[in-house]
Amino acid sequence: MILGSLRCYPLNLPRITRLKFYSVRADSVVTSQDNGALLSKSLQQLDKELREGNDKAALSLVRDLQGRTGGLRCFGAARQVPQRLYTLDELKLNRIDTSSFLAPNDETLGSIERTLQIAAVFGGLSAWALFDLSQIQLLFISVGLLFLWSVDLIYFNGGVRNLLLDTIGHSISKKYRNRVIQHEAGHFLIAYLLGVLPKGYTITSLETLQKDASLNVQAGTAFVDYEFVEEFDSGKVSSKMLNRFSCIALAGVATEYLLYGYSEGGLADIAKLDGLLKGLGFTQKKADSQVRWAVLNTIMILRRHEEARSRLADAMSVGKSIGSCITVIESNIGSEDI
């Protein structure tokens, strides 16, 4: 995930010395161009490795470029707040109201669903009157629809319903689409800056179904997380890895909170984090401490890199590759901000 400045003083130098000075600058420009071309080629190779599912090779490539001159300055380079027990009052002093985003409720899709239900009732009544359906026929139709709804709920965990609502939401609500894009950009940016490599993302349920054959996901960002999986399977998750996971999980809802003052999406993200902490045997007090630190840390990073997040969202909205998204991040974060 994530040059020095040069101070010049006027000197009365001989002409030949000044000519040498300009020659050095020209050489530096050439080197910078060469570094840029090399980085671009490396990121193209990264996209290739990720497309082919070579997660370890992709991560190795990024780590090889990490922190090098002309490489990736921002990967794993985020400035973070000290980890300690933070109170709710301390969060409020930093203009953070956790109640506004730790219990998200998707009002946009809820409104669309209610509208569809009302339309279905009126449509059914209209069809009954238009086709002169008997009560038995109406009963059979109602039972059939109830059966299909039950199949979706039991076998697909409501995936067909979510696919329908998400597709309609993206089609008729610009705000909903933008919220989803910003949410995923938050996940992507925080992961990259904390040293976790994103390997893919989707913006709609339909796109997720086409790419990953996953029916019950509205959108999502996937990561090269085999190291986390190995630690979790061993039963020993390091504090560094847990901190990364906590911040990445909360990054989406935190982004929505900063942009809109509240969060609608991300309930599944919070549930995953809660499940992880419980699985690791955290007491409620210890879990609260971990979440509060992660909330503060994530919010502070997002505030510091608002421009990078905005540009990244623009790139993700048109389906740019992971390598291209990384270029956007690196280009929009100054050396003084990491």
Asker: Between Ser310 and Glu306, is there a donor-acceptor pair closer than 3.5 Å when you use the side chain of the first and the backbone of the second?
Answerer: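 Checked: no pair found.
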Asker: Mark yes or no for whether Tyr257, through its side chain, and Asp97, through its backbone, hold a donor-acceptor pair below 3.5 Å.
Answerer: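 Looks like yes, one N/O pair under 3.5 Å.
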Asker: Quick check on the hydrophobic clustering: are Ile96 and Val291 connected, directly or via other members, by side-chain heavy-atom contacts under 4.5 Å?
Answerer: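 As far as the 4.5 Å side-chain criterion goes, Val291 and Ile96 are connected within one cluster.
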Asker: May I ask you to decide if the ring planes of Phe188 and Tyr201 are parallel, tilted or perpendicular, using 30° and 60° as cut-offs?
Answerer: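 Rings of Phe188 and Tyr201: perpendicular, as their planes differ by over 60°.
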Asker: Is the NZ or CZ atom of Lys56 positioned over Tyr226's six-membered ring, under 6.0 angstrom from the centre and within 45° of the axis?
Answerer: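 So Lys56 does make the cation-pi contact.
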Asker: Would Tyr86 and Asp288 count as a side chain to side chain donor-acceptor pair (under 3.5 Å) here? Give the steps.
Answerer: CA-CA 9 Å; Tyr86 291 92; Asp288 288 344; over 6 Å; no
Asker: Looking only at heavy atoms, which two atoms of Ala78 and Ile301 are closest? And how far apart?
Answerer: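 Distance-wise, the nearest heavy atoms are CB-CD1, 4.0 Å.
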Asker: Would you give the length of the straight line joining atom CD of Glu256 to atom CG of Leu258, rounded to the nearest 0.5 angstrom?
Answerer: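 The CD atom of Glu256 sits 10.5 Å away from the CG atom of Leu258.
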Asker: Check the pair Leu302 / Ile190 against side-chain contact (heavy atoms from CB on, under 4.5 Å), numbers first and verdict last.
Answerer: CA-CA 8 Å; Leu302 288 171; Ile190 290 297; 4.0 Å; yes
Asker: I'd like to know if the side chain of Glu90 reaches the main chain of Thr87, judged simply by a donor and an acceptor atom lying under 3.5 Å from each other, with no hydrogens or angles considered.
Answerer: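 Checking the backbone N and O of Thr87 against the side chain of Glu90, a donor-acceptor pair under 3.5 Å is found.
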Asker: Answer yes or no: is there a side-chain heavy-atom contact under 4.5 Å between Arg292 and Thr98?
Answerer: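 They are not in side-chain contact.
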Asker: Any chance you could measure Arg179, atom CZ, to Lys175, atom NZ, to the nearest 0.5 Å?
Answerer: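 One gets 8.5 Å once the value is rounded to the nearest 0.5 Å.
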Asker: Please tell me whether Val237 and Ile248 are part of a single hydrophobic cluster in this structure, the criterion being side-chain heavy atoms less than 4.5 Å apart.
Answerer: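 Cluster IDs for Val237 and Ile248 match.
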Asker: Distance from Asp47 atom CG to Lys320 atom NZ, nearest 0.5 Å?
Answerer: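 Result: 11.0 Å between the selected atoms.
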Asker: Step by step, work out the side-chain contact (heavy atoms from CB on, under 4.5 Å) result for Val224 and Val196.
Answerer: CA-CA 7 Å; Val224 177; Val196 176; over 6 Å; no
Asker: Establish whether Leu250 and Leu91 are linked, either directly or via other cluster members, by ILVMFWY side-chain heavy-atom contacts under 4.5 Å.
Answerer: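 Yes, same cluster.
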Asker: Do Asn243 and Gln290 have a side chain donor and acceptor closer than 3.5 Å?
Answerer: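 Yes - a donor-acceptor pair under 3.5 Å links their side chains.
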Asker: Could you walk me through whether Gln182 and Arg309 pass side chain to side chain donor-acceptor pair (under 3.5 Å), step by step?
Answerer: CA-CA 8 Å; Gln182 299 292 347; Arg309 191 264 312 144; 2.6 Å; yes
Asker: Is the centre of the Phe228 ring less than 6.0 Å from the centre of the Phe245 ring?
Answerer: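 Yes: the rings meet the under 6.0 Å criterion.
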Asker: Please check this pair: side chain of Ser234 against backbone of Glu231, looking for a donor-acceptor N/O pair closer than 3.5 Å.
Answerer: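 Indeed, once roles are kept as given, a pair shorter than 3.5 Å links the two residues.
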Asker: Describe, in one word, how the ring planes of His187 and His183 are oriented to each other, choosing from parallel (under 30°), tilted (30 to 60°) and perpendicular (over 60°).
Answerer: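 Perpendicular, since the angle between the ring planes exceeds 60°.
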Asker: Are Leu276 and Phe282 linked, directly or through other ILVMFWY residues, by side chains that come within less than 4.5 angstrom of each other?
Answerer: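 Yes, Leu276 and Phe282 fall within the same hydrophobic cluster.
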Asker: Taking all heavy atoms of Ala58 and all of Leu50, pick out the closest pair and write down the distance.
Answerer: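 For Ala58 and Leu50, the tightest heavy-atom pair comes out as CB-CD2, 3.6 Å.
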Asker: With no hydrogens and no angle check, is any side-chain donor or acceptor of Thr298 less than 3.5 Å from a backbone partner on Ala294?
Answerer: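 Pair found, side chain donor or acceptor close to backbone of Ala294.
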Asker: Whether the Thr327 and Ser324 side chains hold a donor-acceptor pair (N or O, under 3.5 Å, no angle test) is what I'd like checked.
Answerer: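 Side chains of Thr327 and Ser324: no pair found under 3.5 Å.
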Asker: Under the 3.5 angstrom rule, does the side chain of Glu184 hit a backbone N or O of Thr221 as a donor-acceptor pair?
Answerer: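 A pair under 3.5 Å: yes.
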Asker: Looking only at heavy atoms, which two atoms of Leu39 and Gly70 are closest? And how far apart?
Answerer: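 Shortest heavy-atom contact: CB-O, 3.7 Å.
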Asker: Is the shortest side-chain heavy-atom distance between Leu93 and Asp89 below 4.5 Å?
Answerer: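 The answer is no, as the side chains (C-beta and beyond) never meet within the 4.5 Å cut-off.
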Asker: Check step by step if salt bridge (Lys or Arg N to Asp or Glu O under 4.0 Å) holds for Glu330 and Arg311.
Answerer: CA-CA 11 Å; Glu330 294 284 341; Arg311 298 294 184 182; over 6 Å; no
Asker: Indicate yes or no for a side-chain donor-acceptor contact from Arg304 to the backbone of Arg79 under 3.5 Å, with no hydrogens or angles considered.
Answerer: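 Yes.
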Asker: Locate the shortest heavy-atom distance separating Ala254 from Ile299; write the atom from each residue and the value.
Answerer: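 Where Ala254 meets Ile299 most closely, the heavy atoms are CB-CD1, 3.7 Å.
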Asker: Do any N or O atoms from the side chain of Arg244 and from the backbone of Leu194 form a donor-acceptor pair under 3.5 angstrom?
Answerer: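 Flag set: sc Arg244 to bb Leu194 pair under 3.5 Å.
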Asker: Would the distance check show the side chain of Ser317 and the main-chain N or O of Asp314 forming a donor-acceptor pair, the cut-off being under 3.5 Å?
Answerer: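 Yes, because the side chain of Ser317 sits within donor-acceptor range (under 3.5 Å) of the backbone of Asp314.
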Asker: Is any side-chain heavy atom of Met241 less than 4.5 Å from a side-chain heavy atom of Ser238?
Answerer: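 Yes, close enough: below the 4.5 Å cut-off.
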Asker: Any chance you could measure Leu46, atom CG, to Leu197, atom CG, to the nearest 0.5 Å?
Answerer: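 Nearest 0.5 Å value for the CG-CG distance: 5.5 Å.
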Asker: Evaluate side-chain contact (heavy atoms from CB on, under 4.5 Å) for Arg177 paired with Thr204, printing each intermediate quantity in order.
Answerer: CA-CA 9 Å; Arg177 175 172 175 78; Thr204 68; 4.1 Å; yes
Asker: Measure the spacing between CD1 of Ile329 and CG of Leu189 and express it to the nearest 0.5 Å.
Answerer: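 Spacing of CD1 (Ile329) from CG (Leu189) equals 5.0 Å.
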Asker: Hey, could you give me the SG/CH2 distance between Cys247 and Trp293, rounded to the nearest 0.5 Å?
Answerer: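 Result: 4.0 Å between the selected atoms.
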Asker: Pair Leu273, Asp269 - check side-chain contact (heavy atoms from CB on, under 4.5 Å), show working.
Answerer: CA-CA 6 Å; Leu273 177 57; Asp269 299 331; over 6 Å; no
Asker: Consider only side-chain heavy atoms of I, L, V, M, F, W and Y, link residues closer than 4.5 Å, and tell whether Leu85 and Leu242 are in one cluster.
Answerer: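 Result: no, two separate clusters.
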Asker: Counting neighbours of CZ on Arg95 that are heavy atoms of other residues, nucleotides or ligands and sit closer than 6.0 Å, is the number greater than 12?
Answerer: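 Count not over threshold, so no.
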Asker: List the atom of Thr255, the atom of Gly186, and the distance in Å for their closest heavy-atom pair.
Answerer: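 Heavy-atom minimum between the residues: OG1-CA, 3.2 Å.
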